[in-house]
There are 2 protein chains.
Amino acid sequence: MSGFDVGNRLKQLRLSRELSQRELAKRAGVTNSTISLIEQNSVSPSVSSLKKILDAMPVSISEFFAGESESQEQVFYPSSELTEIGDGTLSWKLVGARRPNRSMSIIHEHYPPGADTGEEMLEHEGEEGGVVIAGAIELQVADEVRQLQAGDAYYFDSRLPHRFRNTGDSECVIVSANTPPSFSDGGDEQHHV
Amino acid sequence: MSGFDVGNRLKQLRLSRELSQRELAKRAGVTNSTISLIEQNSVSPSVSSLKKILDAMPVSISEFFAGESESQEQVFYPSSELTEIGDGTLSWKLVGARRPNRSMSIIHEHYPPGADTGEEMLEHEGEEGGVVIAGAIELQVADEVRQLQAGDAYYFDSRLPHRFRNTGDSECVIVSANTPPSFSDGGDEQHHV
DNA sequence: TCATGCTGTCAAAGATGTTCAACAAGGGCC
DNA sequence: GGCCCTTGTTGAACATCTTTGACAGCATGA
């Protein structure tokens, strides 16, 4: 039901750090029994306990739950197999779109002169970052606006309102990554960026 | 102590979906009281309860714990402010290195002819993907080897053994992303890729 | 062989999380 | 006003998680 094996995941992380249950327990401020029971999946730990334990390794909770699913996935993507999402002007090529199990989406973005993600600022869950490869782009995040050239980069919390705009007169190329993936679900085509 | 406000995070997600405590509880198979108490941080829910609740929205647990920390972070990175990690031959420019709170690291990689991540295959936690910008690279993942050209891309589970090698005679440029970040901690300089 | 120190497991007692059922506050409507 | 429906909160009972303290297994070394 849970779909995620908390016990084995914890054990694997603990062993990879060569810690005993008692040693980890001591660092985490819990008892060895707690760790034993959790590793056997005899109990479902409280978030606070789990956090204490992970902090002692240290492993972030989100890291702990990353890899929430497993399967044979495509690894290599010839440019012809990238999934293109365009709205007439700008073009986004997704590396392995519609794969909900991934923790990131990677996008090869092409903004022709004048391209703009829109006056209404984008806001959504997650984080995103990227590197400008060619041309230049005007990026606004919250109330800060900057002009980024080839070689420059950015990284921000996607909950901050943001907007991309090519105000120059040559195409701008960016490679970006988002987590969690914005375009992974086959359903709606919301223009998260 | 916890450093992460489970209650408010849950409330925020619930409200953004315009669900009442009772409605969410019903879908999740728990009671409204549970949700009320969690949102007030009166209790630290068990992982199983939290998972039931998140599944009902739906939100993955890793998504839930993604912005695990908040603070004013640098957004814009002029190329001069990228952190370069090199070993003489290959060069990796990190976008905002040493920021443990991030869920991804983004790297502008330059492989001169002959550059190689080494005969001993790389293996580590997480996922990684990228796009080849210029030149060509030989990428091996598990027992599959491919030659990727400019415009091609890749994505794989970093636990699979992997190796990058520039077998051509021109520099290869890649923009890649990793999650969780491989180079975020100020401590050791392990060559995760 | 016996002692020592480590490992992981487990039963019972104690602490914490969850449910049930009741309650007050607010809005809409007659 | 009165009624009805919704909302979120809370006390007491119940279920679950955590600790305490013990145990067996397996090394190392006297």
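Quick note: numbers below take in every heavy atom, side chains included, and nothing from hydrogens, waters or symmetry partners. Note that the structure is a prediction, hence the values are computed from the model and not measured. Chain identifiers are assigned alphabetically (A, B, ...) following the order of the sequence lines, protein sequences preceding nucleic acid strands; residue numbering begins at 1 within each chain.
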(request) To the nearest 0.5 angstrom, please state how far the CD1 atom of B:I174 sits from the SG atom of B:C172. (result) 4.0 Å
Any side-chain N or O of [X] under 4.0 Å from OP1/OP2 of [N]?
X: A:R14; N: C:dG8; result: yes
X: A:T31; N: D:dT19; result: yes
X: A:Q21; N: C:dC6; result: no
X: B:S46; N: C:dG17; result: no
X: A:S49; N: D:dC17; result: no

(message) Students often mix this up, so state it plainly: with edges at 30° and 60°, are the rings of B:F164 and B:Y111 parallel, tilted or perpendicular?
(response) parallel
Please check: side-chain N/O of [X] versus main-chain N/O of [Y], any donor-acceptor pairing under 3.5 Å?
X: B:S48; Y: A:S44; value: no
X: B:R22; Y: B:N32; value: no
X: A:Q21; Y: A:E23; value: no

(request) Tell me which nucleotide among D:dA22, D:dG8, D:dT19 gets nearest to the side chain of A:L37. (result) D:dT19
(message) I want to verify a distance call: between C:dT19, D:dT9, D:dT19, whose nearest atom is closest to the B:R22 side chain?
(response) D:dT9
Rounded interatomic separation in angstrom, taking [atom1] from [X] and [atom2] from [N]:
X: A:E39; N: D:dC17; atom1: CD; atom2: P; value: 16 Å
X: A:K26; N: C:dG8; atom1: NZ; atom2: C1'; value: 18 Å
X: B:I53; N: C:dT18; atom1: CD1; atom2: C1'; value: 10 Å
X: B:I38; N: D:dG8; atom1: CD1; atom2: P; value: 14 Å
X: A:K52; N: D:dT19; atom1: NZ; atom2: P; value: 6 Å
X: A:I35; N: C:dG8; atom1: CD1; atom2: C1'; value: 12 Å
X: A:N41; N: C:dC10; atom1: CG; atom2: P; value: 13 Å

(message) Over all strands shown, is B:Q40 touching base, sugar-phosphate only, or nothing at heavy-atom distances under 4.0 angstrom?
(response) sugar-phosphate
(request) Remember a base hit wins even if backbone is also touched, and classify B:S36 as base, sugar-phosphate or nothing at under 4.0 Å, heavy atoms. (result) base
(message) Quick check: on DNA chain C, is the nucleotide nearest A:S20 upstream (toward 5') of the one nearest B:L50, or the reverse? Name the residue that is more 5'.
(response) A:S20
(message) When you measure only distances, ignoring hydrogens and angles, does the side chain of A:N32 come within 3.5 Å of the base of C:dT9 through a donor and an acceptor?
(response) yes
(message) Suppose we call a contact any N or O donor and acceptor under 3.5 Å apart; does that hold for the side chain of B:S33 and the base of C:dC20?
(response) yes
